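What follows is one structure encoded as structure tokens, with my remarks underneath.
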Amino acid sequence: MINNPYAQYKENSVFTATPEELTLMLYNGLVKFILQGMEAIDEKNIRRANDSIIRAQDIIIEFRATLDMKYEIAKNLDRLYEYMYRRLIDANIRKDKTILEEVLGFAKELRDSWQQAMKLAKRRR
């Protein structure tokens with residue numbers, strides 16, 4: 001049993017979310033962990049930077065695992081995710097904030113596009 005009300009809320013929101021909402025949560029998590037990695041690099045906190053970047057990498061792995069490769073857009077997304085994943089590895093090895101800024105740009109663009117697609121889909125229902 002979770003005693004923390006915020007943790008309980010978060011857990012419930014994941015269990016009750018639609019697949020579209022879960023995808024948006026993952027994009028938000030990706031952005032959050034990249035920003036945390038950048039902040040940790042600024043603070044010279046190598047362990048926290050490593051942990052944050054690895055969590056971002058894990059989200060990219062999840063995105064890649066769920067792609068339906070029979071669609072051309074999935075193949076294009078896979079190439080972008082693969083690039084982002086490699087760049088995250090480079091950023092983690094070098095503790096390079098500039099690389100993280102590059103990946104953050106992609107992550108925000110993907111998140112915003114997904115959010116817009118969700119809004120359009122809702123209007124059409």
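Quick caveat, the model's predicted, so the values are computed rather than measured.
- Note on Ile59 and Phe106: same hydrophobic cluster, where clusters join Ile, Leu, Val, Met, Phe, Trp and Tyr whose side-chain heavy atoms are under 4.5 Å apart, directly or indirectly.
- Heavy-atom contacts from other residues, nucleotides or ligands closer than 6.0 Å to CZ of Arg48 number more than 12.
- For the pair Gln57 and Ile54, the minimum side-chain heavy-atom distance is below 4.5 Å.
- Heavy-atom minimum distance, Ser52 versus Gly37: CB-N, 3.6 Å.
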Which donor-acceptor pairs under 3.5 Å do side chains of residues 107-120 form with protein atoms, sequence neighbours excluded?
| from | atom 1 | to | atom 2 | distance (Å) |
| --- | --- | --- | --- | --- |
| Ser113 | OG | Glu109 | O | 2.9 |
| Trp114 | NE1 | Glu20 | O | 3.0 |

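- Under a hydrophobic-cluster definition in which Ile, Leu, Val, Met, Phe, Trp and Tyr are linked whenever side-chain heavy atoms come within less than 4.5 Å, directly or via other members, Ile34 and Ile46 are assigned to different clusters.
- Phe63 pairs by the ring pair (Phe, Tyr, Trp, His ring centres under 6.0 Å) definition with Tyr27, Tyr81, not counting sequence neighbours.
- For the residue pair Ala49 and Ala40, the shortest heavy atom distance occurs at N-CB, 3.4 Å.
- Hydrophobic clustering keeps Leu22 apart from Val31 (ILVMFWY residues linked when any side-chain heavy atoms are closer than 4.5 Å, directly or through intermediates).
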Identify each donor-acceptor pair in which a side-chain atom of residues 84-93 lies under 3.5 Å from a protein atom, sequence neighbours left out, and give them as a table.
| from | atom 1 | to | atom 2 | distance (Å) |
| --- | --- | --- | --- | --- |
| Arg86 | NE | Glu82 | OE1 | 3.2 |
| Arg86 | NE | Glu82 | OE2 | 2.8 |
| Arg86 | NH2 | Glu82 | OE1 | 3.3 |
| Arg87 | NE | Glu102 | OE1 | 2.9 |
| Arg87 | NH2 | Glu102 | OE1 | 2.9 |
| Asn92 | OD1 | Lys95 | NZ | 2.6 |
| Asn92 | ND2 | Asn50 | OD1 | 2.9 |

Using a 3.5 Å cut-off and no angle test, enumerate the donor-acceptor pairs between side-chain atoms of residues 67-77 and protein atoms at least two apart in sequence or in another chain.
| from | atom 1 | to | atom 2 | distance (Å) |
| --- | --- | --- | --- | --- |
| Asp68 | OD1 | Lys70 | N | 3.3 |
| Asn76 | OD1 | Arg79 | NH2 | 2.3 |

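- Expressed to the nearest 0.5 Å, how far CG of Leu35 lies from CG of Leu30 amounts to 9.5 Å.
- Remark: Asp58 pairs with no residue by the side-chain hydrogen bond (donor to acceptor under 3.5 Å, both in side chains) rule, at least two apart or across chains.
- Partners of Asp96 according to the side chain to side chain contact (heavy atoms under 4.5 Å, CB included) rule, which considers only residues two or more places apart in sequence or in another chain, are Arg94, Thr98, Ile99.
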